[in-house]
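Order of appearance sets the numbers: ligands from 1, and atoms from 1 within every ligand. Since we're looking at a predicted model, the values are computed, not measured.
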Amino acid sequence: MRHQGTVKGVESADVIVIGGGVIGLAIARSLALRGIKRIVLIERATLGAEASHAAAGMLAPQAEADGVDAFFELACASRDLYPAFADELREETGTDIELERTGTLYLAFTKKDEEEIEHRYNWQQRAGLFVERLSVDEARRLEPCISEEVRGALRFPLDVQVENRRLVAALSISVEQHGVRLLTETHVKSIIIEGGSIEGVETSRGTVHAPVVVVATGAWTSLLASSGNASLPVHVEPVRGQMLCFETKSRLMRHVIYSPRGYIVPRLDGRLLAGSTTEHVGFHKCVTGAGIHEITAHALEIAPAVSSLPLVDSWAGLRPCTEDEWPVIGACAETRGLFYATGHYRNGILLAPLTGELVAEQITTGRPAPLANVFSPERFQCVGVN
Ligand code: FAD
Ligand code: GLY
């Protein structure tokens, strides 16, 4: 097959990472730290422009998971990496990703919510996790802004948050310092596969040759094709999440606060993020009247004082969701040199440091880490795409 000319100055690489969100950036950094020299990261727009910018930054497996399974273990293991990850990024780049460790409250407002927090408390207690059951008075003493309608609460001291936009900034500086070549505003049109092996990628600026390609294209993964125009075997659907941003002069709350319907995330600079929606509307990344209404109603249920705060910003992002809602991490068995790191759905910020490590380990050692086995693309019958 004939391809157009190569990208000037970047004819070839040892590893190409497609996608410059937190997942692609974390992988590029982990590869560089393991001594891989010629890494090229290709991003269609600017680094972190999509879901990684839109996210709320919660590192909250205990508030988000529904039980102890392989996904929960992955999420907790990644959460545990964060303190060292934040320190290393600060030392490398001078950027503080604002790992804020006050913890998370989970509130009940209805009878059904009370059953939900009871269930959550029980499975987490049985699993030996750090979870506190609070009376209404205790919860309101911790966060006086909480609605008087609250009927019960849990506290997860280890579910914390980061400023995900600072995380993108820190990772971007880090990978550049480690010598990763960044091709932004460059669209990967197809992955070149010949005789069952990766040959490189065809971009809007020409071809880049490499024996290894990592697909970290988030919600757009299913739009990528191989050179024979076959679509890739992993299916990822965009799931829209809208966010509202309020401004506070003095901090209204210190914890991240969830209800079963929404959440509020207080940033150190006084911004208060409220989220979110879960909408299957294709690639329409916009804020809607219904979204604003829904998020505001859920935020006011948690903290009525939000009603008088200025709404200063709003945005939407597309979460990458696979058929079983679990991420896809690892090598495609049928195409030598093809790796996936996508489908992180609601937890890509949380899972970024561990995903970087798992993918880099498999690329450099040729073996998947045990933790990654169940997230392999093979579960979707990853067949050859020559
Ligand atoms: P993205 O950040 O979307 O990056 C993928 C990149 O690939 C994009 O920059 C895109 O331009 C690029 N790309 C795509 N196709 C191509 C191509 N052909 N060529 C070149 N480049 C390409 N997660 C948490 O852990 N905690 C949270 O609190 C949280 N809150 C969220 C709230 C909202 C409203 C949303 C929308 C998401 C939230 N998430 C959260 C989920 C998290 O944002 C995602 O799981 C994570 O950002 C996925 O990272 P990514 O790098 O895979 O995708
Ligand atoms: N994890 C929060 C969200 O996806 O909205």
Side-chain angles (χ1 to χ4, degrees), residues 16-28 40-61 63-65 75 78-79 82 104 159-165 167-168 171-172 182-191 201-205 213-225 232 236 238-245 256 258 262-263 265 273-279 283 285 287 291 295 298 314-322 325 327-329 340-356:
I16 294 170
V17 178
I18 315 173
V22 287
I23 299 299
L25 287 165
I27 292 166
V40 174
L41 185 147
I42 307 179
E43 164 55 48
R44 192 184 55 173
T46 53
L47 297 175
E50 295 290 351
S52 302
H53 187 79
M58 298 175 291
L59 312 178
E64 295 220 343
S78 198
R79 183 183 64 180
Y82 254 97
T104 294
D159 271 8
V160 295
Q161 61 150 313
V162 288
E163 211 321 351
N164 42 290
R165 295 178 183 179
L167 174 62
V168 167
L171 283 170
S172 305
L182 301 172
L183 293 183
T184 53
E185 295 181 6
T186 307
H187 183 209
V188 173
K189 296 197 284 190
S190 64
I191 298 174
V201 298
E202 191 105 39
T203 80
S204 50
R205 291 165 60 184
V213 166
V214 183
V215 174
T217 42
W220 294 266
T221 301
S222 291
L223 301 185
L224 259 183
L232 298 178
V236 178
V239 178
R240 183 168 72 193
Q242 302 184 41
M243 295 284 292
L244 303 181
C245 176
V256 170
Y258 272 80
Y263 53 78
V265 180
L273 311 188
S276 180
T277 57
T278 302
E279 302 166 271
F283 292 94
K285 201 183 63 176
V287 175
I295 296 167
H298 297 152
S314 63
W315 58 85
L318 300 176
R319 306 178 184 93
C321 184
T322 61
E325 300 188 1
V328 183
I329 302 170
Y340 288 97
T342 185
H344 291 73
Y345 194 32
R346 295 179 171 279
N347 296 101
I349 306 300
L350 167 64
L351 295 171
L354 186 55
T355 301

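The shortest N/O to N/O separation between Gly57 and ligand 1 falls below 3.5 Å. Considering backbone and side-chain N/O atoms, Gly317 never comes within less than 3.5 Å of an N/O atom of ligand 1. In terms of N/O distances under 3.5 Å, ligand 1 is not approached by Ala54. For ligand 1, the polar-atom distance check finds an N/O of Ile349 within less than 3.5 Å of one of the ligand's N/O atoms. Between Gly19 and ligand 1, no pair of N/O atoms sits closer than 3.5 Å. Between Tyr263 and ligand 1, a contact under 3.5 Å exists for no N or O pair. At least one N or O atom of Leu350 sits closer than 3.5 Å to an N or O atom of ligand 1. Remark: ligand 1 and Glu50 share no N or O pair separated by less than 3.5 Å (distance only, no angle test). Checked against a 3.5 angstrom limit, the closest N/O atoms of Ser276 and ligand 1 fall outside it. Geometrically, ligand 1 and Met58 share a nitrogen or oxygen pair separated by less than 3.5 Å. For the pair Asn347 and ligand 2, the shortest N or O to N or O distance does not fall below 3.5 Å. Taking only nitrogen or oxygen atoms, main chain and side chain alike, Tyr258 does not reach within less than 3.5 Å of ligand 2.
Under 4.0 Å from ligand 2, the heavy atoms of Tyr263 that appear belong solely to its side chain.
Protein heavy atom in closest approach to atom 50 (P) of ligand 1: Ile23 CG1, 3.7 Å. Counting only heavy atoms of the protein, atom 37 (C) of ligand 1 lies nearest to Arg319 CG, 3.6 Å.
For the pair Trp220/Arg44, a side-chain contact is recorded, criterion being any heavy-atom separation below 4.5 Å from C-beta on. For the pair His344 and Ile329, the minimum side-chain heavy-atom distance is below 4.5 Å.
The atoms of ligand 1 that sit less than 4.0 Å from any heavy atom of His344 are 45 (O). Interface atoms of ligand 1 facing Ser52, defined by a heavy-atom separation under 4.0 Å, are 1 (P), 2 (O), 47 (O), 49 (O), 51 (O). Listed by atom number, the atoms of ligand 2 under 4.0 Å from Arg346 heavy atoms are 1 (N), 3 (C), 4 (O), 5 (O). Near Trp220, meaning under 4.0 Å from one of its heavy atoms, ligand 1 places the atoms 3 (O), 14 (C), 15 (N). When each atom of ligand 1 is checked for a heavy atom of Thr186 under 4.0 Å away, the hits are 20 (C).
For the residue pair Thr342 and Thr221, a side-chain donor N or O sits within less than 3.5 Å of a side-chain acceptor on the partner. Between the side chains of Thr278 and Arg346, at least one donor N or O lies within less than 3.5 Å of an accepting N or O.
When the heavy-atom distances from atom 3 (O) of ligand 1 to Ala51, Gly48, Gly24 are ranked, the shortest goes to Ala51.
At least one donor-acceptor pair closer than 3.5 Å links the side chain of Ser78 to the backbone N or O of Leu350.
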